[in-house]
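In this text, all values refer to a predicted model and were calculated from it rather than measured experimentally.
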Amino acid sequence: DNVNNFRHIQTMRRVVVSLLVFLIVLSVALPDSSAVYRLGTRKGPEDVLREEDLPERMDALRNGELLAEGGYSAGGVWAKMEAVIDAPPALVWQLFIEANNWKDYGIPFLFDSRAVSREIVDAAQSLSDVNDVYRLIGNRVFDATGNRKEGGQWKAYVFQFVNVKWPLPDRWVINEERYDEPGIKKGIYEASWDMVAGDVKINQGSMVLRPFEDNPQQTRIVYIVNVHPGSWIPRFLMKGVVTKSMPDAIKAIRNAAAKI
């Protein structure tokens with residue numbers, strides 16, 4: 001009887017632990033019920049690179065909805081976010097290129113962001129601990145737009161420290177941000193990025209800003225990312241975090257634009 005009771009207690013403990021883990025996963029991976037967005041089911045990022053002005057899609061954007069979709073890529077997970085921001089593209093672009101201010105916008109999981117130099121990028125290649133990166137940067141402050149060529153192409157390096165909920169680990173990355181402004185007179189701005197240092201496996205993406213339906217006071221943003229945090233994590237959990245955080249990030253940008 002004692003043996004049976006012990007086995008029963010052990011079984012119940014395993015059930016309770018499994019249930020707790022399941023609930024934690026749900027709390028991280030499921031979209032916030034207050035978020036208003038639509039989640040698509042396309043097979044890969046190549047299917048969504050071309051913007052589609054389908055009537056139902058345009059109606060959703062006019063109504064302020066956030067259009068999100070995502071899936072699995074060869075190296076991780078991808079997601080696409082599309083929305084309209086009630087601000088001119090030039091203003092939204094300014095918010096984006098001012099990397100030292102990103103952490104103040106309320107973007108989900110982003111604990112810190114700051115522009116860094118190429119010298120820091122080179123020195124950070126051998127580092128894994130974020131504390132060593134902070135010691136490397138020290139109290140130096142770099143101008144995020146110091147290399148800007150208005151109306152041209154230019155680039156910058158941006159350090160980010162991401163503090164994600166357990167069981168996902170905290171991660172840091174330095175991206176090479178490539179900015180493209182040849183369409184500035186039409187209100188069209190483009191950016192793309194790839195990681196050049198960090199403790200993640202993949203962090204890349206692209207963004208396009210343009211007037212929504214030729215209205216210079218509204219911005220249509222299309223944002224695509226492909227990520228892998230660099231440790232063994234179920235891909236469905238990675239996908240859940242990415243597709244949940246992107247609509248919240250757009251909301252943060254909307255709020256930041258409204259304050260200007």
Side-chain angles (χ1 to χ4, degrees), residues 28 32 35 66 79 81 83 85 87 89-121 123-124 127-148 154-166 168-179 189 191-200 202-207 209 219 221 223-230 238 241-260:
V28 174
D32 185 348
L66 310 176
M81 184 76 229
I85 299 172
L91 189 151
V92 179
W93 181 249
Q94 192 66 36
L95 290 173
F96 183 77
I97 63 177
E98 291 288 356
N100 291 330
N101 298 333
W102 291 355
K103 59 184 177 294
D104 301 322
Y105 299 159
I107 296 174
F109 311 131
L110 183 61
F111 179 79
D112 193 11
S113 65
R114 58 183 73 187
V116 296
S117 65
R118 180 70 221 192
E119 172 196 358
I120 288 177
V121 171
L127 302 180
S128 58
D129 191 325
V130 70
N131 293 311
D132 293 332
V133 180
Y134 275 114
R135 279 190 285 269
L136 175 64
I137 298 173
N139 58 4
R140 290 178 288 177
V141 178
F142 299 91
D143 185 355
T145 60
N147 294 327
R148 185 180 184 185
W154 54 288
K155 65 182 180 181
Y157 298 100
V158 179
F159 163 79
Q160 298 173 69
F161 180 42
V162 181
N163 184 9
V164 187
K165 296 179 182 179
W166 186 90
L168 299 183
D170 296 341
R171 285 291 183 243
W172 70 272
V173 66
I174 298 178
N175 287 337
E176 180 184 84
E177 306 276 343
R178 297 176 295 274
Y179 305 114
Y189 302 86
S192 62
W193 55 91
D194 285 282
M195 65 168 288
V196 290
D199 61 358
V200 304
I202 301 172
N203 187 49
Q204 58 187 190
S206 63
M207 180 189 72
L209 305 177
T219 300
I221 179 172
Y223 194 97
I224 299 174
V225 297
N226 183 38
V227 298
H228 191 296
M238 286 192 286
V241 171
V242 172
T243 55
K244 175 183 176 180
S245 63
M246 288 186 74
D248 291 338
I250 295 295
K251 289 180 180 180
I253 297 300
R254 282 175 169 174
N255 292 335
K259 294 177 183 178
I260 299 178

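For the atom pair Met81 CE and Asp248 CG, the distance stands at 9.5 Å (nearest 0.5 Å). Distance check: Ser128 OG to Asp199 CG gives 7.5 Å after rounding to the nearest 0.5 Å. Atom OG1 of Thr219 sits about 8.0 Å away from atom CG of Leu91, to the nearest 0.5 Å. Between the CZ atom of Arg171 and the CE atom of Met195 there is a distance of 10.5 Å, given to the nearest 0.5 Å.
Applying the side chain to side chain contact (heavy atoms under 4.5 Å, CB included) test to Arg148 and every residue at least two apart in sequence or in another chain returns Trp93, Gln94, Ile97, Thr145, Glu150, Trp154, Glu181, Ile184. Not counting sequence neighbours, Ser117 has no partner by the side chain to side chain donor-acceptor pair (under 3.5 Å) test. Judged as a side chain to side chain donor-acceptor pair (under 3.5 Å), and not counting sequence neighbours, Asn101 has no contacts. Under the salt bridge (Lys or Arg N to Asp or Glu O under 4.0 Å) criterion, Asp143 pairs with no residue at all, not counting sequence neighbours. A search for salt bridge (Lys or Arg N to Asp or Glu O under 4.0 Å) contacts involving Asp104 returns nothing, not counting sequence neighbours. By the side chain to side chain contact (heavy atoms under 4.5 Å, CB included) test, Ala197 is found to be paired with Ala124, Gln125, Trp172, Ile174, residues two or more places apart in sequence or in another chain being considered.
When all heavy atoms of Ala156 and Ala144 are compared, the pair lying nearest together is CB-O, 3.8 Å. Of all heavy-atom pairs between Ile85 and Ala257, the closest is CG2-CB, 4.2 Å. Here the closest non-hydrogen pair linking Trp102 and Ile107 is O-CD1, 3.9 Å. Across every non-hydrogen atom of Leu66 and Ala83, the tightest pair is CD2-CB, 3.5 Å. In plain terms, the two heavy atoms of Ser113 and Lys103 that are nearest each other are OG-N, 3.1 Å. Minimum heavy-atom separation, Leu95 to Ile253: CD1-O, 4.1 Å.
When side chains are defined from C-beta on, Phe142 does not count as touching Val158, because their heavy atoms never get closer than 4.5 Å. Looking at heavy atoms from C-beta onward, Arg114 lies out of side-chain contact with Val141 at the 4.5 angstrom threshold. Annotation: side chain of Ile221 is in contact with side chain of Met207 (closest heavy-atom distance under 4.5 Å). Annotation: side chain of Asp194 is in contact with side chain of Arg178 (closest heavy-atom distance under 4.5 Å).
Put simply, the side chain of Asn226 never gets that close to the backbone of Gln204: no donor and acceptor are under 3.5 Å apart. Not a single donor-acceptor pair under 3.5 Å links the side chain of Tyr223 to the backbone N or O of Ile250. Side-chain N or O atoms of Asn175 include none that pairs as donor or acceptor with a backbone N or O of Glu177 at under 3.5 Å.
Between Phe159 and Tyr134, the angle of the ring planes goes over 60°, which puts this pair in the perpendicular group of the 30/60° scheme. Classified by interplanar angle (parallel below 30°, tilted 30° to 60°, perpendicular above 60°), the ring pair Tyr179/Phe96 is perpendicular.
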